[in-house]
2 protein chains.
Amino acid sequence: MLKHKHDHDACIETALEAAQKICEERETRFTPLRRRVLELVWTKHEPITAYEVLDMLSEGQKRVAPPTVYRALDFLIEEGFVHRIESLNSFVGCSDPAHKHQGHFMICTKCSNVTEMNERSLHDVIKKAAEENGYSYENSILEIAGICENCRN
Amino acid sequence: MLKHKHDHDACIETALEAAQKICEERETRFTPLRRRVLELVWTKHEPITAYEVLDMLSEGQKRVAPPTVYRALDFLIEEGFVHRIESLNSFVGCSDPAHKHQGHFMICTKCSNVTEMNERSLHDVIKKAAEENGYSYENSILEIAGICENCRN
DNA sequence: GCACTGAATGTTATAAAATATCAAGCAATC
DNA sequence: GATTGCTTGATATTTTATAACATTCAGTGC
């Protein structure tokens with residue numbers, strides 16, 4: 001069942017190519033394993049758990065161990081290709097990998113789809129709120145639960 | 001080492017009394033176990049994990065099992081006396097238990113202290129952002145990491 | 001008082017998520 | 001081709017959380 005009308009294969013491919021390019025620029029190593037994990041994260045196109053990645057990664061070969069997946073995910077998060085959704089213990093591909101940032105998300109409680117908001121204004125408001133309360137700002141997690149447009153119709 | 005200059009015992013006592021009163025109003029049961037768990041959460045006055053609560057609860061008596069703690073925490077969260085900090089898998093006492101709400105937090109990455117922000121304006125901005133992106137708003141998690149005023153001095 | 005009911009707690013077992021540690025492989029540099 | 005450091009493999013364990021069923025307890029009606 002297609003939730004979004006888009007060419008999903010192309011969408012994955014674009015993400016992989018972008019990651020590849022960024023890693024070349026940064027001289028970090030986009031190894032086959034890391035590439036494969038990023039691909040699996042994008043394949044689901046919804047928050048995916050580390051153990052789901054693990055299962056998919058293990059298909060048709062010897063089962064990989066959790067650290068393999070977690071290390072790959074750590075790298076991808078570090079590079080900004082993947083975000084972690086704290087409230088779901090899950091991971092999603094980043095829609096704007098070129099700029100490192102912490103993601104702000106809306107999570108549909110019906111269909112589980114996640115939308116990343118890259119809104120400068122929202123980020124600024126949050127940062128300002130922190131500073132007004134005496135905190136220096138490092139980063140922030142924002143996860144909004146609600147019902148998406150599709151599911152309301 | 002005291003981090004805040006306040007009478008911590010009084011602060012715990014206030015929280016317990018408030019909870020008691022609210023439960024009477026709502027006709028929900030503020031049992032000895034639930035009271036004790038809330039007390040332990042407030043005693044630490046920093047995010048506390050379920051298993052820390054479990055250990056403290058077990059002191060000087062037969063060890064309690066995880067469900068005992070999780071159920072009490074579930075109740076306290078449901079009533080709005082405790083918030084869960086997703087990014088830390090931990091729990092903190094709510095500073096405004098009289099009004100049910102989802103908490104917005106600042107977390108000091110040095111001293112681990114947590115400050116709850118009950119700012120209407122921030123809440124409104126977040127809700128508006130969600131709606132502008134086509135989501136109905138249910139609730140939201142905001143956890144800002146930074147360094148608190150104390151730790152910067 | 002006593003049986004009934006439903007909520008709360010106890011108990012046992014297990015699932016789910018994540019990490020520590022050490023070993024082996026591999027890729028770049030000298 | 002030896003060295004170095006990063007990456008991956010492998011084993012074990014820790015941390016976090018829940019499922020399922022049994023027992024206890026408080027309130028209600030009789």
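Within every chain, numbering begins at 1; the chains are lettered A, B, ... in the order of the sequence lines, protein sequences first and strands thereafter. Not measured: the values here are computed from a predicted model.
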Round to the nearest Å and state the distance from [X] atom [atom1] to [N] atom [atom2].
X       : N      : atom1 : atom2 : value
A:Asp55 : C:dA17 : CG    : P     : 11 Å
B:Leu73 : C:dA8  : CG    : P     : 15 Å
A:Leu76 : D:dT7  : CG    : C1'   : 14 Å
B:Leu54 : D:dT16 : CG    : C1'   : 11 Å
A:Asp74 : D:dT7  : CG    : P     : 12 Å
A:Glu52 : C:dA17 : CD    : P     : 8 Å

Subject >> Polar side-chain atom of B:Thr109 near backbone of B:Ile147 as donor-acceptor pair, under 3.5 Å >> reply: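 Pair absent, no side-chain N/O of B:Thr109 close to backbone of B:Ile147.
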Subject >> Under-4.0 Å salt bridge between B:Lys128 and B:Glu132 >> reply: yes
Original post:
Do NZ/NE/NH1/NH2 and the carboxylate oxygens of A:Arg36 and A:Glu39 come within less than 4.0 Å?
Top reply: yes
Write out a two-atom table: protein N or O, nucleotide N or O from nucleotides 9-15 of chain D, distance below 3.5 Å.
unit_1, atom_1, unit_2, atom_2, d
D:dG9, N7, A:Arg71, NH2, 2.6
D:dG9, O6, A:Arg71, NH1, 3.2
D:dA10, OP1, A:Lys62, NZ, 3.4

Original post:
Do A:Trp42 and A:Tyr51 share a hydrophobic cluster, counting only Ile, Leu, Val, Met, Phe, Trp and Tyr and linking them when any side-chain heavy atoms are less than 4.5 Å apart?
Top reply: yes
**OP:** Please work out which residues in residues 77-93 of chain B have a non-hydrogen atom less than 4.0 Å from an atom of DNA chain D and list them by number.
**Re:** B:Arg84, B:Asn89
**OP:** For DNA chain D, determine which residues of residues 19-26 of chain B have any heavy atom closer than 4.0 angstrom to one of its atoms, and list them numerically.
**Re:** none
So, do [X] and [Y] sit near enough that their side-chain heavy atoms are less than 4.5 Å apart?
X       : Y        : value
B:Leu88 : B:Glu143 : no
A:Asn89 : A:Arg84  : yes
A:Ile22 : A:Pro97  : yes

Original post:
B:Thr31 side chain: which of C:dT9, D:dT16, D:dT7 is closest?
Top reply: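 Comparing C:dT9, D:dT16, D:dT7 against the side chain of B:Thr31, the answer is C:dT9.
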Original post:
Within less than 4.0 Å of OP1 or OP2 of C:dA8, is there a side-chain N or O belonging to B:Arg34?
Top reply: yes
Subject >> Distance below 4.0 Å between A:Tyr70 side-chain N/O and C:dT19 OP1 or OP2 >> reply: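 Looking at the OP1 and OP2 atoms of C:dT19, neither is under 4.0 Å from any side-chain N or O of A:Tyr70.
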Original post:
Does A:Thr115 have any side-chain hydrogen bond (donor to acceptor under 3.5 Å, both in side chains) partners at least two apart in sequence or in another chain, and if so, which?
Top reply: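 Expected list: B:Tyr135.
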**OP:** For residues B:Gly93 and B:Val41, report the shortest heavy-atom separation together with the two atoms involved.
**Re:**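 That closest heavy-atom pairing would be N-CG1, 3.4 Å.
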Subject >> Summary of salt bridge (Lys or Arg N to Asp or Glu O under 4.0 Å) pairs that have at least one residue in residues 91-120 of chain A, sequence neighbours excluded >> reply: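 Output for this query lists A:Arg120-A:Asp124.
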**OP:** List in chain and number order the residues that pass ring pair (Phe, Tyr, Trp, His ring centres under 6.0 Å) with B:Tyr137, two or more places apart in sequence or in another chain; answer none if no residue qualifies.
**Re:**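 Ring pair (Phe, Tyr, Trp, His ring centres under 6.0 Å) list for B:Tyr137, sorted by chain: B:His123.
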